[in-house]
2 protein chains.
Amino acid sequence: MAAGINLKELAAELKLAPSTVSRALNDSYEISEETKKKVIRMAEKLNYHPNQFARSLRENKSKTIAVIIPERINNFFAQVIDGIEEIAQEHGYHLLVYNTHEDVDREKKIVNLLLNGRADAVVMSVSSQTSDVSHLQKLYDRGLPLLFFDRICDEIPTTKFITNDYESAYEGTKHLIQQDCKKIAFLMISKELSITKERYRGYCDAINEAGLVAEPTFSLNCCMSEEENIKLITDMLLSDDRPDGILSTVEKLAIATYHAVKRTKIRIPEDLKIISFANTSMAGLLNPSLTTINQPTLTIGQECAKLLIGKLTKPKHFELINQVITIPSKITIRSSTVAE
Amino acid sequence: MAAGINLKELAAELKLAPSTVSRALNDSYEISEETKKKVIRMAEKLNYHPNQFARSLRENKSKTIAVIIPERINNFFAQVIDGIEEIAQEHGYHLLVYNTHEDVDREKKIVNLLLNGRADAVVMSVSSQTSDVSHLQKLYDRGLPLLFFDRICDEIPTTKFITNDYESAYEGTKHLIQQDCKKIAFLMISKELSITKERYRGYCDAINEAGLVAEPTFSLNCCMSEEENIKLITDMLLSDDRPDGILSTVEKLAIATYHAVKRTKIRIPEDLKIISFANTSMAGLLNPSLTTINQPTLTIGQECAKLLIGKLTKPKHFELINQVITIPSKITIRSSTVAE
DNA sequence: TTAAAATACGGAAACGATTGCGAAAATAAG
DNA sequence: CTTATTTTCGCAATCGTTTCCGTATTTTAA
């Protein structure tokens, strides 16, 4: 193995002390320009790369941020990570990415793994199963900067980034009502989730304001299996008291609904109108095209990273105070909610 | 900061030597069961977590695998990473994930960053711009286990995982011909890519075999911008000599084609049939539903990880020999290629 | 009863970088 | 020409583990 050369060897080659070489490479004022040039040239010639672990051990920081998400095959999370990575790369930070698969046990394992200092900070969206937050509390207590986005955790007093879930759900529901929907169903993957609760509030308020009632049977709590979800939705659509509108809180439940509808004679938007939180570029290509609530994913990721890196590089100037920062979503009306 | 306790402090608490405690925690045969129990109990009580960097420095391994992909918002890559992560987690490995955004300069920067030992191995799919491979060669020369999948790099003598690109493209094209297509276009994002070349070979062979000709104007080299791609495809579809069939080598060009078609009066499949390499669960929901060549993403990821971790943990038993391992794709015929 | 071997543990070096402190050499000031 | 100051660099400690040795104690064998 052409294993890399180390600082001592490089120093020997230059007939200098390791400390001098280190300072030269780190552009210290204590070293003459001449020496610096010589060192840098030699370092390049010998293909020297400082050992990251030695440095991390000494400086007690890893230049690494851990990102924990519940699902990787999901445009929302993929885009947020792109946003995080963009800012992280600018500042020389690396990203460890973990997928919990919506499994709280996996989430706990991952979080525990992070207790050893592998990452300087953590930004995450909790799994839909997460209700006990002791593992997150432990992480927080350890002093590791911790940030939440989208699926946040109220119990941990740190900064959280979300979209205007309440308003979006409210507006989305109102839009359905304006399109003459009387019986609107609410599709979710877990009622424990912060975003579900907020979106449900918006949904309820819009419904009540219109003098309608939010029937409990219309709140459909789905699961992980696409096939089961399709079945669940199909059953609802085939019931006597079927809904004429749907607010879906996540993209994949809208997809499941489309699949379910294909199994029935129901027509969208004539018999059923649907609006969904979604971030796919295919929304306009579905049949009919899907009205979406589009979240500002890239911005969320960027803002998370900016704050986190600020905190890491200038702890005095940045505080991860207990607050919720809201970045608004945008509703794009398409054919699934308007009769032609 | 409730910074964690370290080994020495833990040892002091136990009135034992650090070496003993270390051995006890690592279940060494040299330590009595009694002492082990005591140490483990105290470690748990004091919430001790070994510093990963000290360990990495000492052992010269990081238990980390770097994954480099050209695009994150892409079902194919997301699924492959899920596969890699599954195996990696089983073996206690962590994943550093990097997105090159199809930019070879970014790819080079990332690869250079990896030269410092941050990762024990690298698995990657090259960017569409990558033709000069000196940065990858450098990584390889350094002795870092390096694996390619999908978009492979012939010049580096290591193991590569791909799908049967030639056969799939051949079969896909043949399917179009059987559906009576005479003028079949070939959509790609870069002709430099290994997969493009293979798929093009399959496409050409099928066409020639049928006595047709692969006209150069029907090989459309697209770019990064979705809007431009739509325009490019629209132009082709509106030209006098327009194609009646399309083989798309990547999912997003099929999407772009659908968008383009919406701008014209062309009907799918009556006027234009399309088949595409794709991994989206929405293929069946598009209008019309899209005939796809579905790649075994999860398996690819798992196999990559298995081989890599094998090589890392038992270097003697695993060799990253210069070979290409093929895992077959599956064609799913839907409405976009069959007239009803 | 004594030598040999096994058991259980401690001391200290090592991994590769950074940095506080000290010192030599070069320059400036008196 | 001497002293003070600046510039430039080396020595050695340090970060938290792991592991090579060495050693004291106990067990087994002779």
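Every chain is numbered from 1 and lettered A, B, ... according to where its sequence line falls, protein lines coming before strand lines. FYI, side chains are in, hydrogens and waters are out, and symmetry mates aren't considered; it's all heavy atoms of this structure.
Between C:dA17 and A:S22, no contact under 4.0 Å exists linking OP1 or OP2 to a side-chain N or O. Distances shown here put every side-chain N or O of B:N6 at or beyond 4.0 Å from the OP1 or OP2 atom of D:dC15.
Heavy atoms of B:N60 sit nowhere under 4.0 angstrom from any nucleic acid atom. Contact annotation for A:Q52: no contact, since no heavy-atom pair falls under 4.0 Å across all strands.
The separation between B:L57 atom CG and D:dT14 atom C1' is 12 Å, rounded to whole Å. For the pair B:K15 NZ and C:dG11 C1', the computed distance is 19 Å after rounding to whole Å. Rounded to whole Å, atom C1' of D:dG16 lies 18 Å from atom CZ of A:R55. In this structure, the CG atom of A:L7 is 13 Å from the P atom of C:dC15, given to the nearest Å. The interatomic distance linking A:N116 (CG) with D:dG16 (P) rounds to 13 Å, in whole Å. Computed from coordinates, the B:L25 CG to D:dG16 C1' distance equals 13 Å when rounded to whole Å. In this structure, A:N51 atom CG and C:dT18 atom P are separated by 10 Å, rounded to whole Å. One interatomic measurement links the two molecules: NZ of A:K8 to P of D:dA12, which rounds to 13 Å at whole-angstrom precision.
Residue A:K108 qualifies as enclosed at atom NZ: its count of foreign heavy atoms under 6.0 Å is above 12.
For the side chain to side chain donor-acceptor pair (under 3.5 Å) criterion with A:K160, the lone passing option out of A:T326, A:N322, A:D154 is A:N322.
Using cut-offs of 30° and 60° for the angle between ring planes, the B:H94 and A:Y98 rings count as perpendicular.
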The contact string for nucleotides 4-9 of chain C, one letter per nucleotide 5' to 3', using protein heavy atoms under 4.0 Å with B, S and - for base, sugar-phosphate only and none, comes out as ----BB
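Residues A:E107 and A:T130 bring a donor and an acceptor atom of their side chains to less than 3.5 Å of each other. With no hydrogens or angles considered, no side-chain donor-acceptor pair links B:E102 and B:Q129 at under 3.5 Å. There is no side-chain donor-acceptor pair under 3.5 Å between B:S28 and B:N26.
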Q: Might you work through the side chain to side chain donor-acceptor pair (under 3.5 Å) test for B:S19 and B:S22, ending with a clear yes or no?
A: CA-CA 5 Å; B:S19 51; B:S22 171; over 6 Å; no
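Checked by distance alone, A:R58 brings a side-chain donor or acceptor within 3.5 Å of a matching partner on the base of D:dT14.
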